[in-house]
K.L.:
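Before anything else, here's the structure in question.
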Amino acid sequence: MAKQFVVQLKNEPGAMASLAEALAASGVDLRAIGGGSLGDSGHVIMTTADDDAAAAVLDEKGYTYIEGEAILAEVDDRPGGMARLARELADAGVNIYGHLFLGRWGDSATFTFVVDDPEKARPILERKDV
């Protein structure tokens, strides 16, 4: 089962470079990555080819991170598609830790999500008509 990592970074030059270099030095291949920053902090959301090795690097280097199951979801590719999905998760009491955009196919956009309660989220995220 693939994992998704949400990694806290400082919002400063070199923060992303240091993380990427540490992963590369251990032979960890990044499969998908996204993120952002505001103020003093930022984050990276990523999937890798080797979850155990990625977690070992993050632990060894002292990163603060969340590791969770990457749940695949198709969202209507139109205004309100993500709003409906996010509201359903919120109404079910599920917190979204991170999500990655994977691409658009037909009338859908595909994402992976990492959440605080995968069992509650899975029936919502895995529906094809969201």
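We count residues from 1, following the sequence as given. Because only heavy atoms are used, hydrogens play no part in the values below, and waters and symmetry mates are left out as well, while side chains stay in.
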K.L.:
Considering all heavy atoms of both residues, which atom of Y63 and which atom of S18 are nearest to each other, and what is their separation?
P.N.:
OH-C, 3.8 Å

K.L.:
Give a yes or no on whether D91 atom CG has more than 12 heavy-atom contacts from other residues, nucleotides or ligands under 6.0 Å away.
P.N.:
yes

K.L.:
Atom OG in S41, atom NZ in K10: separation rounded to 0.5 Å?
P.N.:
11.5 Å

K.L.:
Test of understanding: clusters of I, L, V, M, F, W, Y form through side-chain heavy atoms closer than 4.5 Å, transitively. Do I124 and F111 belong to the same one?
P.N.:
yes

K.L.:
Please round to the nearest 0.5 Å and tell me the distance separating atom NE2 of H43 and atom OG1 of T64.
P.N.:
14.0 Å

K.L.:
Identify whether F101 and Y97 are in the same connected component of the hydrophobic contact network (ILVMFWY, side-chain heavy atoms under 4.5 Å).
P.N.:
no

K.L.:
Do V94 and V6 share a hydrophobic cluster (ILVMFWY, side-chain heavy atoms under 4.5 Å, transitive)?
P.N.:
no

K.L.:
About how many Å separate CG of L19 and NZ of K61, when rounded to the nearest 0.5 Å?
P.N.:
10.5 Å

K.L.:
Main chain of V28, side chain of S26: is a donor-acceptor contact present, judged purely on distance under 3.5 Å?
P.N.:
no

K.L.:
Are F113 and I66 connected in the hydrophobic side-chain network, where two residues link if heavy atoms are under 4.5 Å apart?
P.N.:
no

K.L.:
Test your reading of the model: is there a side-chain donor-acceptor pair from T47 to the backbone of A32, 3.5 Å cut-off?
P.N.:
yes

K.L.:
Hey, quick one: are L23 and L9 part of the same hydrophobic cluster, counting side-chain heavy atoms closer than 4.5 Å, chains of contacts allowed?
P.N.:
yes

K.L.:
Search all heavy atoms of T112 against all heavy atoms of A70 and return the closest pair with its distance.
P.N.:
CB-CB, 4.1 Å

K.L.:
G34 and L100: which non-hydrogen atoms are nearest, and at how many Å?
P.N.:
N-CD2, 3.5 Å

K.L.:
Roughly how far apart are I71 CD1 and E119 CD, rounded to 0.5 Å?
P.N.:
8.0 Å

K.L.:
Going by the angle between their ring planes, with limits at 30° and 60°, are F5 and Y65 parallel, tilted or perpendicular?
P.N.:
tilted

K.L.:
Given side-chain contact (heavy atoms from CB on, under 4.5 Å), test M16 with V44 step by step and report yes or no.
P.N.:
CA-CA 8 Å; M16 180 64 216; V44 168; 3.5 Å; yes

K.L.:
Test L72 against L125 for side-chain contact (heavy atoms from CB on, under 4.5 Å), laying out the working first.
P.N.:
CA-CA 7 Å; L72 194 65; L125 293 173; over 6 Å; no

K.L.:
Looking at every heavy atom in both L89 and A121, which two are closest together, and how far apart are they?
P.N.:
CD2-CB, 3.8 Å

K.L.:
Give, for atom CD of E12 and atom OG of S37, the distance between the pair rounded to the nearest 0.5 Å.
P.N.:
11.0 Å

K.L.:
Check whether any side-chain N or O of D51 sits under 3.5 Å from a backbone N or O of K3 as a donor-acceptor pair, and report yes or no.
P.N.:
yes

K.L.:
Between T48 and R31, is a side-chain contact (heavy atoms from CB on, under 4.5 Å) present by the stated rule, with each step listed?
P.N.:
CA-CA 5 Å; T48 71; R31 294 296 169 107; 5.5 Å; no

K.L.:
With side chain to side chain donor-acceptor pair (under 3.5 Å) as the criterion, how do E74 and T110 come out once you've worked through the C-alpha distance, each side chain's angles and the decisive distance to 0.1 Å?
P.N.:
CA-CA 5 Å; E74 290 182 13; T110 303; 5.0 Å; no

K.L.:
Would you say CG of D52 has more than 12 non-hydrogen atoms from neighbouring residues, nucleotides or ligands within 6.0 angstrom?
P.N.:
no

K.L.:
Start with the C-alpha distance between I33 and I45, add both sets of side-chain angles, then the distance that settles side-chain contact (heavy atoms from CB on, under 4.5 Å), and finish with yes or no.
P.N.:
CA-CA 6 Å; I33 189 165; I45 303 163; over 6 Å; no

K.L.:
Any sub-3.5 Å donor-acceptor pair from R84's side-chain atoms to G80's backbone N or O?
P.N.:
yes

K.L.:
Give a yes or no answer on whether the side chain of N11 reaches the backbone of G39 with a donor-acceptor pair at less than 3.5 Å.
P.N.:
yes

K.L.:
A quick test of your reading: do over 12 heavy atoms of other residues, nucleotides or ligands sit less than 6.0 Å from CG of D40?
P.N.:
no

K.L.:
Just how far is it from atom CG of L30 to atom CE of M46, taken to the nearest 0.5 Å?
P.N.:
6.5 Å

